[in-house]
Each structure stands twice: as C-alpha cells, then as structure tokens.
Amino acid sequence: MYKPISDSFFEVPVLELAQNLVGQYIVHNLENGPLVARIVETEAYHGPEDQAAHSFSNRPTKRTEVMFGRAGLVYTYQMHTHTLMNVVAGAVGTPHAVLIRAGEPIEGLEQMGNNRGNHMKMKDWTNGPGKLTKALGVNMDYYGRHWTEEPLFIAEGPGAIEVVTGPRVGIGNSGEAVDYPWRFFEKDNPFVSKYRP
DNA sequence: AGCAAGATCGCC
DNA sequence: GCGATCTTGCTG
C-alpha cells in the first residue's frame with residue numbers, strides 16, 4: 001500500500017521542493033479505498049521577496065499563518081468556489097510554499113469521476129488546481145495538517161520523465177515576479193493545466 | 001461593519 | 001468572455 005514519504009523530503013529550498021514534487025503521488029485514503037494522483041505541475045511561491053505570494057507582506061495572518069510553520073504542512077485556501085492546496089516549504093518563520101496545480105489520476109478513478117461529474121474527459125478531471133482538489137475530495141478541513149499524516153499525504157511516485165519550467169499562471173500584476181520561471185511541469189503531459197501555452 | 005478582490009472554473 | 005459565490009483583509 002501507499003505510505004507517506006519521509007519528513008526530510010520537505011526540508012529543501014522551495015524551488016527544489018517544487019521540482020521534486022513533480023512525479024510524486026498525492027494519496028487520500030477514504031473508506032471506499034484510496035484516491036491517488038501523480039503530481040504533474042507545481043508552482044513555487046517565495047514570500048516575502050515574491051510579490052505574487054500571499055506571504056509577500058511577511059506578516060502572518062489568519063489565512064497565511066501556516067506558511068510560517070515547518071516544511072511539509074498543508075496550506076489550503078479558497079478561491080471563489082474552489083479550494084487550492086499547497087505544501088509549505090522553508091524553515092519555521094520563512095513563508096515559502098508550493099502550489100499543487102495539476103495531477104494525473106492513478107487510482108480510485110470511479111470516485112474521482114463522480115467527484116467531478118462524469119460528463120467530461122478524464123484529462124479534465126485534474127488539469128487545474130481547483131479541479132484537482134475537488135477530484136481528490138480535499139477541502140479546508142486539511143488546513144494546517146502535515147503532508148506525511150493519514151489520511152492525506154504525499155507518497156513516493158515514479159518521478160517525472162522530464163521536468164520543464166515556465167512563468168507562473170494567474171498572478172496578474174505582480175511586478176517583476178510575473179516573469180519568474182517558478183512553474184514546474186512534466187514535459188508533454190496532457191494533464192498539465194493549459195493556461196499560457 | 002462593509003466591501004473589494006483573488007495563485008479559478010465552466011458555461012454563455 | 002463573463003459571472004459565480006467564499007474567505008480574507010483593509011477601509012479603496
């Protein structure tokens with residue numbers, strides 16, 4: 001069965017962690033069996049030097065306080081009607097995080113299809129951050145938990161064939177930060193989100 | 001208290 | 001392309 005990856009996996013600089021996460025599994029253990037997706041796309045957020053990061057102000061708020069905690073914590077937040085999930089990176093007091101943007105369904109396909117409504121192609125189940133959380137059944141209840149704890153954790157996956165980088169998506173007017181190549185995704189994978197081709 | 005805006009999605 | 005509809009944070 002799947003088991004959580006070691007704690008030390010998270011204790012690397014945020015850009016490295018964002019790249020290393022591509023190709024790993026996200027596992028959500030539920031009563032009917034595990035939901036598993038292989039991560040194919042991430043983005044690094046590098047507060048407080050990164051104007052696009054929620055932690056740019058370098059001041060903990062109710063929303064962002066978990067980013068100041070230890071590496072590997074779960075940072076979830078709401079965007080309109082959707083939940084997005086992040087992995088906290090960096091030492092305590094350093095508000096870095098990695099946004100999980102897309103995945104490839106591996107196991108629990110029936111359940112993921114039901115979570116998304118069965119009228120679409122499989123690649124549309126998880127090719128965006130809001131879609132992925134919905135397919136996996138993740139919500140704000142996981143805020144502040146750790147990515148090595150049941151029932152929602154990162155497990156070691158097969159890795160990625162080739163990871164390429166590009167500018168981040170959807171961050172609008174963030175000064176120079178809009179051009180930083182801090183998006184990591186597996187080359188030619190059809191589950192990568194399709195903004196900014 | 002009140003309101004504007006956001007690391008988005010799906011349908012018009 | 002635009003509207004949905006939730007939480008946060010600042011008073012625009």
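Each chain gets a letter, A, B and so on, in the order its sequence line appears, and its residues count up from 1. As the structure is a computational prediction, the values presented were derived from the model and not from experiment. These values consider heavy atoms only, across backbone and side chains, with no hydrogens, waters or symmetry-generated copies.
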Engineer: Would you give me the side-chain donor-acceptor pairs under 3.5 Å for residues 47-60 of chain A, sequence neighbours excluded?
Structural biologist:
residue	atom	partner	partner atom	Å
A:Glu49	OE1	A:His46	ND1	3.1
A:Asp50	OD1	A:Ala52	N	3.0
A:Asp50	OD1	A:Arg168	NH2	3.0
A:Asp50	OD2	A:His46	N	3.1
A:Asp50	OD2	A:Arg168	NH1	2.7
A:Asp50	OD2	A:Arg168	NH2	3.4
A:Gln51	NE2	A:Ser174	O	3.4
A:His54	ND1	A:Tyr75	OH	2.8
A:Ser55	OG	A:Pro95	O	2.9
A:Ser57	OG	A:Arg59	N	3.2

Engineer: Between A:Ile39 and A:Thr42, is any pair of side-chain heavy atoms under 4.5 Å apart?
Structural biologist: yes
Engineer: Is it the case that atom CD in A:Glu156 sees more than 12 heavy atoms from other parts of the structure closer than 6.0 Å?
Structural biologist: no
Engineer: Write down the distance between NE2 (A:His119) and P (B:dC9), rounded to a whole number of angstrom.
Structural biologist: 15 Å
Engineer: Can you check the A:Arg63 CZ to B:dA7 C1' distance for me, whole Å?
Structural biologist: 9 Å
Engineer: Which nucleotide in the list C:dT7, B:dT8, C:dG9 gets nearest to the side chain of A:Gln78?
Structural biologist: C:dT7
Engineer: Give me the distance, rounded to whole Å, that separates B:dA5 from C:dC2 when you measure between the C1' atoms they each carry.
Structural biologist: 16 Å
Engineer: Find the distance A:Asp141:CG to C:dT7:P and express it as a whole number of Å.
Structural biologist: 12 Å
Engineer: Is the ring centre of A:His28 less than 6.0 Å from the ring centre of A:Tyr142?
Structural biologist: yes
Engineer: Tell me which nucleotide among B:dT8, C:dG9, B:dG10 gets nearest to the side chain of A:Pro129.
Structural biologist: B:dT8
Engineer: What would the secondary structure line of DNA chain C be in dot-bracket form, counting Watson-Crick and G-U wobble pairs under 3.5 Å, with [ ] for pairs that cross earlier ones and | for pairs with another strand?
Structural biologist: ||||.||||||.
Engineer: Just how far, in rounded Å, is P of C:dT8 from CE of A:Met67?
Structural biologist: 15 Å
Engineer: Give the rounded distance in Å between these two atoms: CD of A:Glu41 and P of B:dT8.
Structural biologist: 11 Å
Engineer: Would you mind reading off the distance between A:Lys134 atom NZ and C:dC6 atom P, rounded to a whole angstrom?
Structural biologist: 13 Å
Engineer: Taking for each residue the nucleotide of DNA chain C with the nearest heavy atom, is it A:Thr81 or A:Arg59 whose nucleotide lies nearer the 5' end?
Structural biologist: A:Thr81
Engineer: Please report, rounded to the nearest Å, how far the P atom of B:dA7 is from the CG atom of A:Asn127.
Structural biologist: 20 Å
Engineer: Could you go through the side-chain hydrogen bond (donor to acceptor under 3.5 Å, both in side chains) check for A:Thr94 and A:His96 one step at a time?
Structural biologist: CA-CA 6 Å; A:Thr94 308; A:His96 295 177; 5.8 Å; no
Engineer: Are A:His80 and C:dA4 close enough that a side-chain N or O sits under 4.0 Å from OP1 or OP2?
Structural biologist: no
Engineer: Sticking with atom P, work out how far C:dG12 lies from C:dT8, rounded to a whole angstrom.
Structural biologist: 22 Å
Engineer: Evaluate whether the aromatic ring of A:His82 and the six-membered ring of the B:dT8 base sit under 5.5 Å apart, centre to centre, with an inclination under 30°.
Structural biologist: no
Engineer: Just checking, any donor-acceptor pair under 3.5 angstrom between side chains of A:Asn115 and A:Gln111?
Structural biologist: yes
Engineer: With a 3.5 Å cut-off and sequence neighbours excluded, list the donor-acceptor pairs that the side chains of residues 7-23 of chain A form with protein atoms.
Structural biologist:
residue	atom	partner	partner atom	Å
A:Asp7	OD2	A:Arg70	NH1	3.2
A:Ser8	OG	A:Ser6	OG	3.0
A:Asn20	ND2	A:Glu16	O	3.4

Engineer: Hey, is A:Tyr77 stacking on B:dA7? Ring centres under 5.5 Å, planes under 30°.
Structural biologist: no
Engineer: What integer number of Å spans the C1' atoms of C:dG3 and B:dA4?
Structural biologist: 16 Å
Engineer: Please indicate whether A:Ile161 has more than 12 foreign heavy atoms, meaning atoms of other residues, nucleotides or ligands, lying under 6.0 Å from its CD1.
Structural biologist: no
Engineer: Please give the distance between the P atoms of C:dG9 and C:dT5 as a whole number of Å.
Structural biologist: 23 Å
Engineer: Between B:dG6 atom P and A:Asn86 atom CG, what is the distance in whole Å?
Structural biologist: 17 Å
Engineer: Return no unless some side-chain N or O of A:Arg116 is found under 4.0 Å from OP1 or OP2 of B:dG10.
Structural biologist: yes
Engineer: Over all strands shown, is A:Leu84 touching base, sugar-phosphate only, or nothing at heavy-atom distances under 4.0 angstrom?
Structural biologist: sugar-phosphate
